[in-house]
**Q** 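Here's a structure for you.
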Amino acid sequence: MPGTAPSFDRPAAGPITSQFSRRPPDYLEGLNEEQRDAVLSTEGPLLVLAGAGTGKTRVLTTRIAHILSTRMARGAEILSVTFTNKAAREMKERIGSLVGSSVEGMPWLGTFHSISARILRRHAELVDLRSDFTILDTDDQIRLIKQLLAAENIDEKRWPARQFAGMLDAWKNRGLLPRDVSEADAGFFANGKGKKLYADYQARLKVLNAADFGDLLLECIRLFREQPDVLAEYHRRFRYMLVDEYQDSNVAQYLWLRLLAQGKPASEANICVVGDDDQSIYGWRGAEVDNILRFEKDFPGAKVIKLERNYRSTSNILSAASHLIAHNESRLGKTLQTDVGERGETVAVTSVWDSEEEARQIGEDIEQLQRNGEALDSMAILVRASFQMREFEERFITLGLNYRVVGGPRFYERREIRDALAYLRLVSNFTDDLAFERIVNVPKRGLGDTTVKVLMGTARHQNVPLTTATRMLIETEDLKPKQRTTLRELLAQFDDWAERSRSIPHAELAEQILDESGYTAMWQADKAPDSPGRLENLKELVRSMEEFETLGGFLEHISLVMDRDSADSDDAVSIMTLHSAKGLEFNTVFLPGWEEGLFPHQRALDESGRAGLEEERRLAYVGITRARKRAKISLAQNRRIHGLWQSAIPSRFLDELPADAVEVKDTGSSYGGYGYGGGASSRFNQVDPFDSVYETPGWQRAQRQRENRKSPGPMTIDGELVAKSVSDPGTSSAFSLGETVLHLKFGHGEIINIEGNKLTIQFETGRKKVLDSFIRKS
DNA sequence: TTTGCTCTTATTTTT
DNA sequence: TAAGAGCAAA
C-alpha cells in the first residue's frame, strides 16, 4: 500500500509481508545496509548515487521485485525507464529471476523512447498523428532535410543536411519546439532560415504521419501539457517511477519525467533515480549532469543514498580510478571503497613505439593470460575512437585470436535491413512516401532522379502520397514509356503483395517480396566482400519476423528495440569503445592510446574546453573501473592519424594516476623513451628533445598546421617558414626530393615524394608519410 | 541513368 | 589511409 513504507517492525498487510516480519525475504539477502535502504525506501523521492561497481542494477531490480512481491503495486503500475534496450532487457531478466515469474506484467519497463512511442500510439490523434505513424530513421531524416533545403534553395554544400540534423537533434534534446528556438540559436544556419526549416520539417512529418526519435519524447511532452486529463490518467497509473543512469538524461527526458511525477506534490512523488555523476559521458549528445545535481531541489525532501562500496575491483584499480577522477572539479564527490580486500596487481602503463607494436603487445598479453587459464570472454580492449580498433582486429586475425567487436552500426541501421524494411513498410502502408523513395530504384530499375522528381511534383500538387501520384501518372503521357511500364509493373507487384499479406504469414511474405522484387538477387550478384553477410542479415531479419504476431508489431520492434545480432557464444576478446563499455565489467581491461589529442580527444578540448576535459576524464574513469583484476594502459609514441605519422606525447591523465598503484613499463623499442622518474608530474611528460625546440607538443603543432593549411597566405610554424603558398604545393616544402633528412624517431631517410607539407620518406625501417615539421635537414 | 573518378574529410552513439 | 559524397562523362 503506498504511503505505508514497509519496515521490519511495521509491515504492511498481505500474505507475503507477514513473512517479512519474521525474517527478511530472500531477495534482500546479501545486500549491504545502503543497498537495502535504497530498496526499502519506496515512498517519496529518492536519489541513489551509485559509484562504479557498487551494485546499482541490483538495487534497482531488487527494488522492483520488492514492490511487486509486497503487492505495493502491480507490474503495470511501475514505470521504469532505461536508456538502452540492453539495459531494459537485462532488468527484465533480473527481475524475472528475483520474483521467479515472467515479467510480461511489466509493460512500462523500457527505454524512454519505446515507452513514449507506446504512449503516443494510444493518443496519436491528439498530437496530429495516426496511431500507425512511422518512426523515422536517420537516413529518412537526412533525405527529408535535403528535400527541404532544396525547396528553400539552400546550397547543400555550404549548409549540409547532416549539420541541420544535428541541430534538430540538439533542439529536441533540449525540449524545444520550433517556436521555442531562439533566433540566435537558429539564425546562423542558412542565413537565418534555421527556425523556418525546423517548422517546415515538423509540418512535413505530420503530412507523412511520421515522428523522428526526438519527437517521440517531444510530442509526449506536448501531449502531457496540452491534455491534462491524459496526463492525469498516467499519474493514476504509475504508482512508482524508477530511472536508471539518470546522469545521462537530457532536458527533454527531464521534462517528460517531471510531468509524469507531477501527480503528487514533489516531496511525495515516488520517484527513484539512480546514477553516477562521475560516469556522465554523454554530454556531447545533450545529457545534462545538472539533472542529477539538481534532483534534491526538484524534489524537496528527497532522500539521498550513496553507494560507495565497490564489489568489483581491486584496491589498486580503484585507487587509480579515484585519484584520476579527483582531478575533476564539478562532481558531487563520492569515495569508493573496495570490498575486494586485496590490493591486486598494479595498474600497468606501457609505452610502445607505435600502434602496431601496441597491438602486438596486447596480443601477447592476451595469449599469456589465456595460457594462465583466463577466458577470452573476461578480457576487453577499450578504445577512445573506433579507428583504433582496426589495428587490433588485424593483429588478432593473424594470431588467430578470437575477438568480437561490440557496438558499431546497429542491425537495423544496415542498408540491406533498411531497404527490406522499406519494402515491408510500403506493403503495409501505401502512404509511406519515405519508404517508397528509398526503394523505387533499389534494385536499379532505371528510375532515376528525373523520374522521381516528376512523381514528387505530382504528389505535391495533388496533395497525395507518392504511390497514388504514380498511379495517376502511369495513365498519362508525362513519363517516358520505359519508366511508365516499369512503374506500372512495380505497382502491380505491390498490390499483389498487399493482397497476399492478408492471407500468408508475414515472414513468408517478406521472403517472397525480397525474392520477387529482385532485392535478394541484387546482393547475390554483388561481388563485394560484404554481400554474403548482407544476405545473411536478410535471412536473420526474416527469421526474427516469425516471432511477431503482426507486421506492425514487428516494425515497431525493429525501429525501436532491435539490437545488433545476438551474442555469439564463442569465447572471444571484446573490442569496443569506452562509451559502449559503460555498465560492463571484465577481469582484464586493456586501455590503449593514452596520448594527448587522442585521449583526451583534441576535439573535446577544442569544442568544450574544461568541461570537455572533465568529460574525457570521466571516460578514463569509466574505462579503469571496468576492470576487476587487471587494468593495462598503453600509449604509442607514434601514431598514424589520417595516414600521416605523428609523434604523440603521453596523456595528461597518466600524470594523474597515483604512483603507488601504477607500474610504468617500457618495451625497450622506444627511442629516448619516457623515464621512470620520481614525481607523478615528471614521469610522463618528459619533454622529447626534439619537441623542446618548440614550445608546443607535436599533436598541437600538427593541429595548428592543419588549420593553417586552410587559410591562404604564407604559413609559418613557430616562426619557421614552411610553405610559401597553399596554391603552390610543389615547392611549398622547405625540403626537396632526394634529400636525406633526419626524423628523430624514425632515423635517417630519403625524401621520395612531397605533397605540400606531407613528405614520403624512405627510412631504413620502411616507407612512411610524415609531416615536414617532424623532419630536420641532415 | 549510370558509371567512375576526384574531392573531402576525418570522435564518442542511443533511440 | 580510406570511405563517402558529389560531379562530369558515357
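Naming convention: chains lettered A, B, ... in sequence-line order (proteins, then strands); numbering from 1 in each chain.
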**Q** Expressed in angstrom and rounded to an integer, what is the separation of A/Leu591 atom CG from B/dT12 atom P?
**A**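 So the CG-P distance, A/Leu591 to B/dT12, works out to 17 Å.
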**Q** Side chain of A/Arg285: nearest nucleotide among B/dT14, B/dT15, C/dT1?
**A** B/dT14
**Q** Between B/dT15, C/dT1, B/dT11, which nucleotide gets closest to the side-chain atoms of A/Lys769?
**A**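 Of the options given, the side chain of A/Lys769 lies nearest C/dT1.
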**Q** Closest approach to the side chain of A/His579, judged atom by atom: which nucleotide of B/dT13, B/dT11, B/dA10 is it?
**A** B/dT13
**Q** Measure from OH on A/Tyr282 to C1' on B/dT12 and round the result to the nearest Å.
**A**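 Rounded to whole Å, this separation is 8 Å.
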**Q** At under 4.0 Å between heavy atoms, what does A/Ala117 touch on the DNA or RNA strands: base, sugar-phosphate, or nothing?
**A** nothing
**Q** How would you label the contact of A/Leu216 with the nucleic acid (heavy atoms, under 4.0 Å): base, sugar-phosphate, or nothing?
**A** nothing
**Q** Salt bridge or not for A/Lys582 and A/Asp248, using N-O below 4.0 Å?
**A**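 Counted as a salt bridge, because a side-chain N and a carboxylate O are separated by less than 4.0 Å.
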**Q** Heavy atoms under 4.0 Å, any strand shown: does A/Asp449 hit a base, just sugar-phosphate, or nothing?
**A**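 Sugar-phosphate only.
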**Q** Just jot down the salt bridge (Lys or Arg N to Asp or Glu O under 4.0 Å) partners of A/Glu288, sequence neighbours excluded, or say none.
**A**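 If we apply the salt bridge (Lys or Arg N to Asp or Glu O under 4.0 Å) test to A/Glu288, skipping adjacent residues, there are no hits.
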**Q** Which label fits A/Trp284 and A/His579: parallel for a plane angle under 30°, tilted from 30 to 60°, or perpendicular past 60°?
**A** perpendicular
**Q** Going by distance alone, is a donor N or O of one side chain under 3.5 Å from an acceptor N or O of the other, for A/Glu416 and A/Asn537?
**A** yes
**Q** Does the side chain of A/Asn85 get closer than 4.0 angstrom to OP1 or OP2 of B/dT15 through an N or O atom?
**A**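 So the side-chain polar atoms of A/Asn85 do come within 4.0 Å of the phosphate oxygens OP1 or OP2 of B/dT15, strictly under.
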**Q** Select from A/Phe213 and A/Leu619 the residue whose nearest nucleotide in DNA chain B is closer to the 5' end of that strand.
**A**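 Upstream on the strand: A/Leu619.
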**Q** Starting at CG of A/Asp248 and ending at C1' of B/dT14, how long is that distance when rounded to a whole Å?
**A**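 Taking CG of A/Asp248 and C1' of B/dT14, I get 10 Å after rounding.
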**Q** Quick check: does any side chain N or O of A/Glu437 sit under 3.5 Å from a backbone N or O of A/Leu434, one acting as donor and the other as acceptor?
**A**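 Not at all, since once roles are kept as given, no pair shorter than 3.5 Å links the two residues.
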**Q** Name the closest nucleotide to the A/Trp284 side chain, picking from B/dT11, B/dT12, B/dT15.
**A**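 Of all the options, the side chain of A/Trp284 is nearest to B/dT12.
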**Q** From the list B/dT13, B/dT15, B/dT11, which nucleotide is the closest neighbour of the side chain of A/Thr84?
**A**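 Comparing B/dT13, B/dT15, B/dT11 against the side chain of A/Thr84, the answer is B/dT15.
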**Q** How close or far is atom C1' of B/dT15 from atom CZ of A/Arg89, stated in whole angstroms?
**A** 14 Å
**Q** Between B/dT13, B/dT11, B/dT2, spot the one nearest the side chain of A/Asn441, thanks.
**A** B/dT2
**Q** Examine distances only and state if a side-chain atom of A/Glu596 and a backbone atom of A/Arg652 form a donor-acceptor pair shorter than 3.5 Å.
**A**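 Checked: pair present.
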**Q** Measure the distance from CG on A/Leu613 to P on B/dT12 and round it to the nearest whole Å.
**A**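 To the nearest whole Å, that distance equals 19 Å.
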**Q** Establish, with yes or no, whether the OP1 or OP2 oxygen of B/dT11 is under 4.0 angstrom from a side-chain nitrogen or oxygen of A/Thr577.
**A** no
**Q** Touch check for A/Glu616, heavy atoms < 4.0 angstrom, all strands: base, sugar-phosphate only, or nothing?
**A**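 A/Glu616: base contact, heavy atoms under 4.0 Å.
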**Q** Taking only residues two or more places apart in sequence, or in another chain, which ones meet A/Arg438 in a salt bridge (Lys or Arg N to Asp or Glu O under 4.0 Å)?
**A**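 Partners of A/Arg438 by the salt bridge (Lys or Arg N to Asp or Glu O under 4.0 Å) criterion, ordered by chain and then number, come out as A/Asp139, A/Asp419.
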**Q** Would you say B/dT12 has OP1 or OP2 under 4.0 Å from some side-chain N or O of A/Ser580?
**A** no
**Q** Quick one, give me the B/S/- string for nucleotides 2-10 of chain C, reading 5' to 3', where B means a protein heavy atom under 4.0 Å from the base and S means that only happens at the primed atoms, P, OP1 or OP2.
**A** S---SS---
**Q** Check the distance between B/dT12's C1' and A/Leu605's CG and give it to me in whole angstrom.
**A** 13 Å
**Q** Mind checking whether A/Trp594 and A/Phe653 have parallel, tilted or perpendicular rings, split at 30° and 60°?
**A** perpendicular
**Q** I want to confirm an ordering. Mapping A/Gly448 and A/His113 to their closest nucleotides on DNA chain B, which one lands closer to the 5' end?
**A** A/Gly448
**Q** Tell me: CG of A/Asp169 to P of B/dT14, nearest whole Å?
**A** 13 Å
**Q** Side chain of A/Arg384, base of B/dT11: donor and acceptor closer than 3.5 Å?
**A**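 Per atom types, no contact qualifies.
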**Q** Where the side chain of A/Lys444 is concerned, which of B/dT11, B/dT14, B/dT2 is the nearest nucleotide?
**A**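 Nearest to the side chain of A/Lys444 among the choices is B/dT2.
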**Q** Below 6.0 angstrom between ring centroids: does that apply to A/Tyr198 and A/Trp171?
**A**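 Centroid separation for A/Tyr198 and A/Trp171: below 6.0 Å.
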**Q** Please determine if a side-chain N or O atom of A/Ser386 lies less than 4.0 Å away from the OP1 or OP2 oxygen of B/dT11.
**A**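 No.
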**Q** What is the separation between atom CG on A/Leu644 and atom P on B/dT9, rounded to the nearest whole Å?
**A** 16 Å
**Q** Just to confirm, is there a sub-4.0 Å distance from OP1 or OP2 of B/dT14 to any side-chain nitrogen or oxygen of A/Thr111?
**A**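 It does not, given that no N or O in the side chain of A/Thr111 lies less than 4.0 Å from OP1 or OP2 of B/dT14.
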